[in-house]
Amino acid sequence: MSEPNQTAPAAAGAELPTHFDFKAAEPAISAAWETAGAFHADPARTKRFGGDRDPFTVLIPPPNVTAVLHVGHGLNNTVQDVLVRWRRMAGDETLWLPGTDHAGIATQNVVEKIVAKEGKTRFDLGREAFVKRTEEFVAETGGQILQQLKSIGASADWTRTAYTFSPELSRAVREAFVRLHEKGLVYRGHRVIHWCPRCLTSLSDEEAEFHDSEGKLYLVRYPLADDPSNGITIATTRPETILADVAVAVHPDDERYSALVGQSLTLPLVGITIPVIADGYVEREFGTGALKITPAHDANDFEVGKRHGLAMPVVISPEGKVGAIADAEGRIPKELDGLDRFAARRKAVAMLEASGALVKIENHKHSVRKCYRCETVVEPRLSDQWFVKMAPLAAPALKAVKDGTIRLLPEKWEKVYINWLEGIRDWNISRQLWWGHRVPVWTCGNRHALAYREDPAVCRSCGDKQLEQDPDVFDTWFSSWLWPISTLGWPDRDSKDLKAFFPSDVLVTAPEILFFWVARMIFAGYEFLGRAPFHTVYLHGTVRDMQHRKMSKSLGNGIDPLDVVERYGADALRWTLIQGMGLGVDVMLDPSDLDKSFAPGRNFATKLWNIGRFILLQVGDDGVQPFEQVDPAALQLADRWILGRLDAAIAECDAGLGPARPRDGHWPQAERQLGLRLDAYAESARRFVWNELADWYVEAVKSRLGEAGADREVARAVLVHVFDHGLRLLHPIMPFVTEALWQRLPGAVTGRLLATAAWPTSDGERPVAEVGNFDLLREAIDAIRALRAQYVVAPGNPVRAFVAAGAGADVLIANAALVQRLAKCRVHVGSPPGGAAAHAVLPSGLELVLPLEGMVDVARECARLRGELDSLSKQLDALRSRLANEKFTAKAPAAVVDAERAKEREWSARTEQLAAKVRELCD
RNA sequence: GGGCGAAUAGCUCAGUUGGUUAGAGCACCUGCCUUACACGCAGGGUGUCGGGGGUUCGAGUCCCUCUUCGCCCACCA
């Protein structure tokens, strides 16, 4: 195979194999794109710098730097690539900015596992050595996913590859924190947070995911200190936390307990006394209506504890072990000291049972929060953390979606988004990890804790030289939320990229990270640059197996995209993903039968290849005149038809892809849900190239191509033109095979790439009558083929068809050769000979009569005609009764009534025709 | 517990503001190596539009209700 960016040698068709050799072609084509700098975005060409192009920016959701490409990435990035290639062809200055995320907690976990294999923990190595080790690991193995994305055709601007932990982006993270700190939007909070005892860090609310579980509800009796025969029974799911109880709360209006409020109870297991308090938070209906209060180990109890000024003893260590951690002297029975929290629970239950305090154990369904990275049950823990105030940040982001500055597709996510933002809670951004951006806060000997843009030598407040930096790092999402601005150069105000390409256009991602990432990017866009970072959020579905299970490593039901590329080609992978890409719909793939999922894409590529092969064989060594030079008057019926179909296909593809951007910065209600119907776009393009161009036009021009002359040149020019445009329409989905073919088309110029060729535009309306005439031809051929199959006429056996003189007959006669070739049928004008005959009434009303002498039995045709007559009569009766209904004629719109009347006339005529045939043939 | 969404052919899904006889792809069946393509060509059938009720001249489409499934959020210990 020749180099794809070379001028196609004439008569290349003769040398082409029957199938596209994607293994050889894909790397060569990728190299040609890269060499040409086809994906490089230049700020100078944008309107914002006086150029003539609209910018179109897409920012990759940065995969974890340690990630290996899976089919979910394949889906996400193929969608982005389709949009980006489309806009690039449409003439926008298109930037698809790639990069990776340092993924603090995830990457740290990976390296900790490696270190664990050496029998060590991160603490054995120490902070500095561990971070260095992680850096080395990332430098060695990180970012391979970007290489893998190239092999599926991703047309990102690789010269701009970003990394959340690079010096540039780290500067943005620091600047963001310092600004928020200066504005009082970050604060140090002392409260109960989610703590992962395995990762040894706090987590945000979003990182502590709910999992339903079958638990137990333990009813435990707390006796009155003054009268042990009396007491209160509480309900708890975590009896080990009794050790940290400081009170029992009841509802203030609960008459069952009102006499006991203010009295003292003896705390089981511990033996100290705690008060009975009244608090409206308690639900009377739940459990026994009495709630033990454990301020240090439950977020709600913490609030109750604060209201009542209670002590907050901590009895569970960071590692999840029971012990007197803080303010808990004398509370830990020696049997429980040092036990893991779950072992302690079992032991505590046994002890309670032995002492008679355990009243009952009930089964109890509830949700348990688990760490989103390691699935360890999260421990609520009293702790000091950095928080971002979310309400002020969320306000403009909420407004943006409500007023149409930003649209979320599918629309249902807008409601979810609004629901979440309206109840938003502050964001815990500090992590007790080592891998990540260090919190830029230093505390001096005089306890001045201040945020610094540059590492300080002395305290800004008092000049003290004894400074200590906060040991914590930021939540990894605290860098991700800046992605749309930090990758473009913020906080550098003079950044050309920022000026040219911000705000971006479409964000393509999965709904799972709507809150983690998408919403927060919108917050950051407004907070730091005063505007939305994108106008459209496209939330695509998930790749699932045939049992609708999410594809995952642990389930072993995954599909390796690179394996698919190897076996079927990148185009096939992309085709399958896009063609199944209904708006917000999950894509189902069968990991046990790759052929089922990916053969259709490969087959389509082969079909394209063979259309190209046919054209190149026909073109031969002769030049082809450019379509623009063809005299419109010289166009034949089929030419006009296929050109009309091309216009229709362009319009459908454009409608499927939708408006690239809102016109005035706002999505009007009518346009809010338009576009990004990638499946509809794919199907329109496929239908045009395969079902119209290949199935009909190519067949229709075959005879014209045989004879030299002016008409042959017209046919060749049109053929090349419509195929060229078909390739353009399909290029965003199947970039490799289309590029390979386009390079070989007559008129291809060295160095010109389909990837940067113009997106097709419609030529305007075609004469409807001409288009209709070709459709008549197709209808006739279809009808004759159907009759042939129905009567089992041997394929080689010719038949005759008779048609009454008239306009329709003229069309059939003028194209008799085509009918002859495609339907094996000679057309005659006039009355058919007597005897058995099959009848075909075309949708346009034209009737064909096929004499069947010797071929079939009359009974069969009669049965068919009677069946048709029967169903038509029934429909006609229904139609007539509707028309007879005065309410219908009075209330339905005139246009509807007129249409129904016209239909009634047409159907009665056809019914009579049919009835006559039945009488003639069957009676 | 609150909120949102879905239920249409064996499978995955379309079905625009209610208006012909509800569509597509895949799968399946039959016949064809008709020289661009067997990774192809031609033909074919399949639906009580989840159940029930209502509004309307007319409901897959709007309303109510039930059933099933999914998603998001949440401080029932």
Side-chain angles (χ1 to χ4, degrees), chain A residues 13 16 18-20 205 210 217 234-238 241 249 281-283 285-288 290-294 298-304 364 366-367 410-420 423 511-512 514-515 546 548 568 572 579-580 582 584-588 595-597 599-618 673 677 679-680 682-683 686-687 694-695 698-699 702 782 785-790 792 794-796 821-824 871-872 874-875 878-879 882 885-893 895-897 899-900 902-903 907:
Chain A
L16 291 182
T18 56
H19 293 74
F20 175 48
D205 294 340
F210 281 105
L217 192 61
I234 56 88
T236 181
T237 54
R238 308 193 53 205
T241 63
Y281 162 68
V282 180
E283 295 216 13
E285 287 72 29
F286 188 88
T288 59
L291 171 65
K292 71 191 215 42
I293 300 298
T294 320
D298 184 288
N300 306 303
D301 292 6
F302 173 76
E303 296 300 324
V304 176
H364 180 60
H366 64 140
S367 289
E411 198 191 15
K412 64 175 174 181
W413 291 108
E414 293 189 352
K415 287 167 189 155
V416 174
Y417 174 93
I418 289 167
N419 189 266
W420 185 71
E512 288 98 87
L514 181 58
F515 305 135
M546 301 320 277
H548 296 195
Y568 301 90
Q579 164 277 335
V585 168
D586 290 339
V587 177
M588 309 295 170
D595 234 44
K596 193 172 158 192
S597 299
R602 177 204 56 194
N603 296 352
F604 185 31
T606 304
K607 184 70 184 184
L608 283 172
W609 186 255
N610 278 288
I611 298 167
R613 202 161 147 256
F614 170 80
I615 291 175
L616 294 174
L617 282 167
Q618 297 306 320
Q673 292 171 62
R677 266 61 174 185
D679 56 338
E683 174 55 21
R686 190 204 65 85
R687 197 211 55 232
D695 289 350
V698 165
E699 294 303 328
K702 272 181 177 170
D782 280 342
R785 280 171 170 173
L787 286 175
R788 289 186 67 109
Q790 201 176 351
V792 201
R821 196 152 49 78
L822 296 188
K824 301 268 169 11
S871 82
L872 188 59
K874 275 185 192 152
Q875 296 303 328
L879 182 59
R882 190 169 343 149
N885 186 339
E886 281 175 24
K887 286 180 181 169
F888 171 70
T889 47
K891 294 193 178 178
V896 171
V897 178
E900 297 284 83
K903 198 191 313 160
W907 287 6

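Note that the structure is predicted; figures quoted are calculated from it, not measured.
- One can place CG of A:L16 at 12 Å from P of B:C37, the figure rounded to the nearest angstrom.
- Using atom C1' as the reference point in both B:C62 and B:G19, the two lie 14 Å apart (nearest Å).
- Atom P of B:C41 sits at a distance of 10 Å from the matching atom of B:C26, rounded to the whole Å.
- Between A:K702 and B:A36 there is a side-chain N or O to OP1 or OP2 distance below 4.0 Å.
- For the pair A:Y281 (side chain) and A:D301 (backbone), a donor-acceptor distance under 3.5 Å is absent.
- Checked against B:A42, B:C39, B:A36, the side chain of A:N610 finds its nearest nucleotide in B:A36.
- Of the P atoms belonging to B:U21 and B:G25, the separation is 23 Å, rounded to the nearest Å.
- Checked against ring pair (Phe, Tyr, Trp, His ring centres under 6.0 Å), A:F302 has no partners two or more places apart in sequence or in another chain.
- Applying the ring pair (Phe, Tyr, Trp, His ring centres under 6.0 Å) criterion to A:Y417, with sequence neighbours excluded, gives no partner residue.
- Contacts of A:V698 with the nucleic acid, taken as non-hydrogen atoms under 4.0 Å apart, include base atoms.
- On the C1' atoms, B:G47 is 15 Å away from B:A24, given to the nearest whole Å.
- For B:G18 and B:C57, the C1' atoms lie 12 Å apart once the distance is rounded to whole Å.
- Nucleic acid contact class of A:A680 (heavy atoms, under 4.0 Å, all strands): none.
- A distance of about 13 Å separates the C1' atoms of B:U56 and B:U61, rounded to the whole Å.
- Remark: side-chain polar atoms of A:R785 are paired, donor with acceptor, to backbone N or O of A:L822 under 3.5 angstrom.
- Comparing B:A36, B:C41, B:C39 against the side chain of A:I611 picks out B:A36 as the nearest.
- With the 3.5 Å cutoff on both pairing distances, Watson-Crick and G-U pairs in RNA chain B assemble into runs of at least 3 at B:1-7 with B:67-73, B:10-13 with B:23-26, B:28-32 with B:40-44, B:50-54 with B:62-66.
- Taking OG1 of A:T236 as the start and NZ of A:K292 as the end, the distance is 4.5 Å to the nearest 0.5 Å.
- Here, B:U68 and B:G51 have their P atoms 15 Å apart, quoted to the whole Å.
- Positionally, the nearest nucleotide of RNA chain B for A:A789 lies more toward the 5' end than for the other of A:K887 and A:A789.
- Put simply, the side chain of A:R613 and the base of B:C37 share no donor and acceptor less than 3.5 Å apart.
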*When you check every protein heavy atom under 4.0 Å of nucleotides 70-77 of chain B, what one-letter string (B, S, -) results, 5' to 3'?*
-SSSBBBB
*Could you run down nucleotides 8-17 of chain B 5' to 3' and tag each one B, S or - for protein heavy-atom contact under 4.0 Å?*
----SSS---
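- Within 4.0 Å (heavy atoms only), A:R785 reaches sugar-phosphate atoms of the nucleic acid but no base atom.
- Looking only at distances, no side-chain donor or acceptor of A:R882 sits under 3.5 Å from a matching main-chain atom of A:E900.
- Rounded to whole Å, the distance from CD on A:E886 to P on B:U56 is 18 Å.
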Please tabulate the protein-to-nucleotide N/O contacts below 3.5 Å involving nucleotides 19-26 of chain B, giving atom names and distances.
residue, atom, partner, partner atom, Å
B:U21, O4', A:Q875, OE1, 3.4

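- One P atom belongs to B:U17, the other to B:C63, and the distance between them is 12 Å to the nearest Å.
- Counted by atom type alone, A:R613 and A:N610 present one or more donor-acceptor pairs between their side chains at under 3.5 Å.
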